[in-house]
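Each chain gets a letter, A, B and so on, in the order the sequences are listed, and its residues count up from 1.
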Protein chains: 2
Amino acid sequence: MTIRVSEAEKNVMDILWQESPLSSTEVVEKLQSQDWSEKTVKTFLNRLVKKGVVTYQKDGRRYLYSPAIERDEFLADESEGFLDKVFKGNMKELLATFVENKQLSKDELNYLKSLLDDQEDKDDKERDDVK
Amino acid sequence: MTIRVSEAEKNVMDILWQESPLSSTEVVEKLQSQDWSEKTVKTFLNRLVKKGVVTYQKDGRRYLYSPAIERDEFLADESEGFLDKVFKGNMKELLATFVENKQLSKDELNYLKSLLDDQEDKDDKERDDVK
DNA sequence: ACTTAAAGATTACACCTGTAATCGTTGTCA
DNA sequence: TGACAACGATTACAGGTGTAATCTTTAAGT
């Protein structure tokens, strides 16, 4: 179920994940910063619908668009693909690259540590469950 | 300096990063698993040279190819782009997605923790240096 | 009732990508 | 020395992408 959303299209998805349903006009407005023609945005909406990742309900003669896939699911999917394609599945190397190159803030470091602790707890719990 | 290497082309880069210089024939051999025609591989080598990410020296009438960019630099670049495009620069969310979805092994968890400790030390050191 | 404006549908078009096949040159073997 | 084989160069071609413009339909204003 490899979702295929192009880079430009992702910007449209992000808008819809923030808020939906939205009319095409509203989406265009929220994409001001991208500085795309209204036509361009509509093309993307169209393609996204054809790809099955966006749906719409009719509201009179216009459509109200909504995402048809979960953002979390999408992110997980993209991340998986990125790991495989760029790092050939080597998770350690990926983590090292991010941690070392991005100079995590104190805040991000602590957040990540707490994530890791949670994860460890979960692992422990699972081990116990098995026995 | 946004490097532009397509997905299929990355496989060729990976070979050259493992060992270089290599003749086109050698690259083809090492890409057996991809099950591409020899022609296809040569097309990629050609395109990579045109993109400036691979160079060659002549060896008689054939070329010996080598990467023209560092793997580390490339990975950092791709990671940066991925973070921006998919997670809109939100590092915390990216980390959470990887940590939560990929079920890190005990080993990976420990490795990551040690990375974080190193990072913290570095931060401390830098703070001291400033003063 | 007509004209017009706006929405979605269709068409455009160049560049990138995946995946080769063909062309031209030249070293090599018979 | 003549045919062939192997190399890189050039060409091919469909599908995806970025970026719109044009077409068609229809609600709405005069």
Polar side-chain contact A:Lys39-D:dT22 base: donor and acceptor under 3.5 Å: yes
So that I can tick it off, tell me whether A:Glu19 and A:Lys30 are bridged by a salt bridge, with the cut-off set at under 4.0 angstrom between side-chain N and carboxylate O. yes
Start with the C-alpha distance between B:Glu78 and A:Phe87, add both sets of side-chain angles, then the distance that settles side chain to side chain contact (heavy atoms under 4.5 Å, CB included), and finish with yes or no. CA-CA 10 Å; B:Glu78 292 272 296; A:Phe87 288 87; over 6 Å; no
Which ones in residues 40-67 of chain B lie close to DNA chain C, meaning a heavy atom under 4.0 Å from one of its atoms? B:Thr40, B:Thr43, B:Phe44, B:Arg47, B:Lys51, B:Arg61
Taking A:Glu9 first and then A:Lys51, would you say they form a salt bridge - that is, a charged N and a carboxylate O separated by under 4.0 Å? yes
Rounded to the nearest 0.5 Å, how far apart are OG1 of B:Thr97 and CG of A:Asp77? 11.5 Å
Can you tell me the distance, in whole Å, between the CD atom of B:Glu26 and the P atom of D:dA6? 16 Å
Output side-chain donor-acceptor pairs under 3.5 Å for residues 57-65 of chain B, partner residues at least two apart or in another chain, one line each.
none

Grab the CD-P distance between A:Glu38 and D:dG18 for me, whole Å please. 19 Å
Can you check side chain to side chain contact (heavy atoms under 4.5 Å, CB included) on B:Arg71 and B:Leu75, steps first, answer last? CA-CA 6 Å; B:Arg71 178 166 135 89; B:Leu75 292 182; 3.9 Å; yes
For residues 6-24 of chain B, which residues have at least one heavy atom under 4.0 Å from DNA chain C? B:Ser6, B:Glu7, B:Ala8
Please tell me if B:Thr25 has a side-chain N or O lying less than 4.0 Å from either OP1 or OP2 of D:dA6. no
Quick check for you: to the nearest 0.5 Å, what is the distance between B:Leu31 atom CG and B:Asn11 atom CG? 6.5 Å
I'd like to know if A:Lys113 pairs up with B:Asp117 as an ion pair, taking the criterion as any Lys NZ or Arg NE/NH1/NH2 lying under 4.0 Å from an Asp or Glu carboxylate oxygen. yes
